[in-house]
There are 2 protein chains.
Amino acid sequence: MSRRRVSNPLALAVLSCLNERPMHPYEINTTLRRRGKEQSIKLNYGSLYSVVESLQKHGLITTRETSREGRRPERTIYAITPEGVEEFEDWLGELLSTPVREFTSLEAGLSLMAGLPPDEVARLLDQRSDKLRIEIRALEAAGDVAAEFDLPEIFSVEAHYRHAMLTAELAFVQQLAERIRTAELGGTKLWRRMHELFAEGTSFEQIAADPVAYLGEEARILQNEQPSP
Amino acid sequence: MSRRRVSNPLALAVLSCLNERPMHPYEINTTLRRRGKEQSIKLNYGSLYSVVESLQKHGLITTRETSREGRRPERTIYAITPEGVEEFEDWLGELLSTPVREFTSLEAGLSLMAGLPPDEVARLLDQRSDKLRIEIRALEAAGDVAAEFDLPEIFSVEAHYRHAMLTAELAFVQQLAERIRTAELGGTKLWRRMHELFAEGTSFEQIAADPVAYLGEEARILQNEQPSP
DNA sequence: GACCGAATACTCCATTTCGAGTAATCGAGT
DNA sequence: ACTCGATTACTCGAAATGGAGTATTCGGTC
């Protein structure tokens with residue numbers, strides 16, 4: 001069980017809205033989208049309604065009134081409770097103050113990249129760099145538009161953060177591709193030789209049985225598997 | 001429906017192992033852990049077994065043999081199929097070449113940070129900086145150990161990537177805290193005044209009804225809600 | 001040789017998540 | 001007056017996730 005009674009970040013966004021004033025779930029949805037928060041917090045209907053229900057079950061919000069207009073579906077308006085306010089402040093404080101291990105897709109890819117030959121990885125990383133540059137430019141353009149509307153920076157810190165992260169990723173990816181191509185990255189020769197052997201039809205198991213014979217002195221470390229770093 | 005028949009990154013890790021040689025699920029588990037991949041790819045039993053089953057159902061792996069030793073649970077050994085190899089290469093290529101929107105907890109926190117008063121946010125960000133520095137040092141220490149064992153860099157690129165990202169995050173967070181304190185961050189005065197009013201008991205709804213009266217000229221933008229940036 | 005903790009190898013199932021589907025209403029044009 | 005796409009407001013169930021629980025065996029030690 002997670003530390004929070006409701007652990008989906010969307011629940012925090014819900015509390016944040018209800019901290020302003022009572023709303024019904026669909027209004028929370030439109031409010032968050034209007035403010036562009038769905039870029040930073042995963043928001044889909046299924047989760048929204050189940051998260052609201054769960055918040056209510058745990059006493060962090062209460063139903064204020066239910067109304068219906070014509071034959072449209074019933075609308076239930078929710079309000080935040082004092083416990084909800086406390087949870088909101090505590091949770092938001094935790095998000096800001098405490099880094100958590102996140103599993104990103106690039107990290108997964110990098111951790112398995114030895115499964116593809118070095119030249120191909122370098123080429124793929126170049127492609128990524130191109131796409132990253134496009135994304136970065138798009139973010140900058142959006143920032144310029146916001147500035148023109150005199151929208152204070154505080155309403156888009158998330159975007160600035162994303163910009164910083166994308167820029168750092170681009171720098172890393174570019175440098176990595178370069179270091180693979182120049183074999184400056186430790187182990188690249190081993191890696192290249194390995195895929196040359198695969199291309200010739202040698203199996204992984206054959207190589208693993210006697211790495212030094214196939215790959216040279218550098219492969220001594222593979223003898224009894226890498227220790228966990 | 002997602003583009004991949006099996007979309008959990010753990011499935012890619014499973015394919016990566018079986019690409020070396022046939023294994024049973026628990027052996028995949030220990031192999032990945034021994035190599036420290038569980039730091040980069042979420043790995044728990046429930047997911048492992050259901051992912052393996054799903055991969056088999058889709059023809060990406062096949063059962064090679066089932067054996068049992070004594071009265072221990074049965075072990076089913078799986079092998080990768082040609083379609084599995086293709087999926088592995090294609091998927092890994094996509095992970096490396098194509099950035100995807102990720103929802104990080106800091107980004108969620110930043111997007112809602114206006115819900116806490118500026119001084120507190122600055123303090124929380126300082127706390128985060130301290131913890132980030134500790135994590136960064138731990139990563140560097142692990143890297144030194146790996147270097148001492150002559151473990152080539154290629155086996156821990158993920159860690160280098162994480163290091164780069166943490167460093168960038170630290171720089172951003174430090175700078176943001178500073179810019180909040182100096183009110184250099186656009187909108188900080190508005191934000192501060194807002195929480196002063198809350199502390200005095202003014203409600204959000206009162207302020208929202210006539211922001212300029214409460215917050216001054218700078219609040220004109222709030223009149224009919226921010227456009228999505 | 002009996003005992004204990006660690007490792008082996010899963011199983012099970014309560015939650016959670018996701019997004020397609022539904023159904024009514026509004027508003028802008030023809 | 002009508003039609004057609006957008007918006008409003010949610011429902012539903014299949015699939016994924018997470019992690020506690022189970023049952024056996026091994027390796028050391030008192």
Side-chain angles (χ1 to χ4, degrees), chain A residues 1-14 17 22-34 38 41-58 63-78 100-103 105 108 228, chain B residues 1-14 17 22-34 38 41-58 63-78 100-103 105 108 228:
Chain A
M1 185 185 44
S2 146
R3 234 192 96 236
R4 304 277 159 200
R5 291 171 281 189
V6 190
S7 64
N8 189 330
L10 179 55
L12 184 68
V14 168
C17 286
M23 295 185 195
H24 55 91
Y26 190 77
E27 192 182 0
I28 296 174
N29 162 69
T30 47
T31 304
L32 290 173
R33 286 185 197 279
R34 184 163 12 85
E38 95 284 7
I41 295 169
K42 213 181 294 169
L43 169 51
N44 56 46
Y45 295 122
S47 307
L48 177 61
Y49 287 89
S50 72
V51 143
V52 163
E53 199 183 337
S54 174
L55 283 170
Q56 191 216 21
K57 205 177 67 192
H58 290 95
T63 87
R64 173 58 62 91
E65 58 180 296
T66 66
S67 67
R68 85 179 329 155
E69 283 167 32
R71 277 195 294 158
R72 286 178 144 209
E74 199 174 66
R75 296 189 318 183
T76 306
I77 295 174
Y78 293 88
V100 296
R101 264 308 11 256
E102 325 245 14
F103 295 88
S105 77
S228 61
Chain B
M1 186 186 45
S2 148
R3 236 191 93 236
R4 305 276 157 200
R5 291 172 281 189
V6 189
S7 63
N8 189 331
L10 180 55
L12 184 67
V14 167
C17 285
M23 295 186 197
H24 57 90
Y26 190 77
E27 190 182 0
I28 295 173
N29 162 70
T30 47
T31 303
L32 290 172
R33 286 187 197 277
R34 185 162 11 87
E38 95 285 7
I41 296 169
K42 215 180 295 171
L43 169 52
N44 56 48
Y45 295 123
S47 307
L48 177 61
Y49 286 90
S50 73
V51 142
V52 164
E53 199 184 337
S54 175
L55 282 170
Q56 190 216 19
K57 204 177 68 194
H58 290 94
T63 87
R64 174 58 62 89
E65 60 180 296
T66 66
S67 67
R68 86 181 326 158
E69 283 167 32
R71 278 195 293 159
R72 286 175 145 213
E74 201 175 64
R75 298 189 315 183
T76 307
I77 295 175
Y78 293 88
V100 296
R101 271 295 20 252
E102 325 246 13
F103 296 88
S105 78
S228 61

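Keep in mind the model is a prediction, meaning the values are calculated, not measured. Here is how names work: the chains are called A, B, and so on, in the same order as the sequence lines, proteins then strands, and each is numbered from 1.
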Quick test: give all pairs of protein nitrogen or oxygen and nucleotides 12-17 of chain C nitrogen or oxygen below 3.5 Å, distance rounded to 0.1 Å.
residue: C/dT17; atom: OP2; partner: A/Asn8; partner atom: ND2; Å: 3.2

Between [atom2] on [N] and [atom1] on [X], what's the gap in Å once rounded to a whole number?
X	N	atom1	atom2	result
A/Asn29	C/dC18	CG	P	15 Å
B/Glu27	C/dA7	CD	C1'	14 Å
B/Ile41	D/dG18	CD1	C1'	17 Å
A/Ile77	D/dC10	CD1	C1'	15 Å
A/Arg33	D/dA6	CZ	P	16 Å
A/Leu43	C/dG19	CG	P	12 Å
A/Phe103	D/dT17	CZ	C1'	13 Å
B/Arg75	C/dT11	CZ	P	13 Å

*What stems involve DNA chain D, if each pair must be Watson-Crick or G-U and both of its distances must be under 3.5 Å, with 3 or more such pairs in a row?*
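Runs of three or more consecutive pairs: C:1-30 with D:1-30.
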*Is atom CD of B/Gln56 surrounded by more than 12 heavy atoms (other residues, nucleotides or ligands) closer than 6.0 Å?*
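Enclosed: over 12 neighbouring heavy atoms sit under 6.0 Å from CD of B/Gln56.
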Quiz: residues 42-49 of chain A side-chain donor-acceptor pairs under 3.5 angstrom, not counting sequence neighbours:
residue: A/Asn44; atom: OD1; partner: A/Ser47; partner atom: N; Å: 3.2
residue: A/Asn44; atom: OD1; partner: A/Ser47; partner atom: OG; Å: 2.7

*asked:* Tell me every residue that passes side-chain contact (heavy atoms from CB on, under 4.5 Å) with A/Glu65, counting only those two or more places apart in sequence or in another chain.
replied: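 By the side-chain contact (heavy atoms from CB on, under 4.5 Å) rule, A/Glu65 matches A/Ile77.
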*Partners of A/Asn29 by side-chain hydrogen bond (donor to acceptor under 3.5 Å, both in side chains), sequence neighbours excluded?*
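With neighbours one apart ignored, the set is A/Arg33.
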_So, does B/His24 get its side chain near the phosphate of C/dC10, meaning an N or O under 4.0 Å from OP1 or OP2?_
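It does, given that an N or O in the side chain of B/His24 lies less than 4.0 Å from OP1 or OP2 of C/dC10.
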*Can you tell me if the side-chain N/O atoms of A/Tyr26 get under 4.0 Å from OP1 or OP2 in D/dT8?*
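Answer yes for this pair, as a side-chain N or O of A/Tyr26 is under 4.0 Å from OP1 or OP2.
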*Between B/Ile41 and A/Ala108, which heavy-atom pair has the shortest distance, and what is it?*
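Answer, listing the atom of B/Ile41 first, then A/Ala108: CG1-CB, 3.8 Å.
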*Partners of B/Glu27 by salt bridge (Lys or Arg N to Asp or Glu O under 4.0 Å), sequence neighbours excluded?*
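If we apply the salt bridge (Lys or Arg N to Asp or Glu O under 4.0 Å) test to B/Glu27, skipping adjacent residues, the hits are B/Arg21.
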*Straight-line distance of B/Leu10 CG to B/Ser54 OG, nearest 0.5 Å*: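 These two atoms lie 11.0 Å from each other.
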*Atom CG in B/Leu32, atom CE in B/Met23: separation rounded to 0.5 Å?*
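Answer rounded to 0.5 Å: 8.0 Å.
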*asked:* If we check side chain to side chain contact (heavy atoms under 4.5 Å, CB included) with B/Tyr78, which of these qualifies: B/Ile28, B/Val52, B/Val14?
replied: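 Output: one option passes, namely B/Val52.
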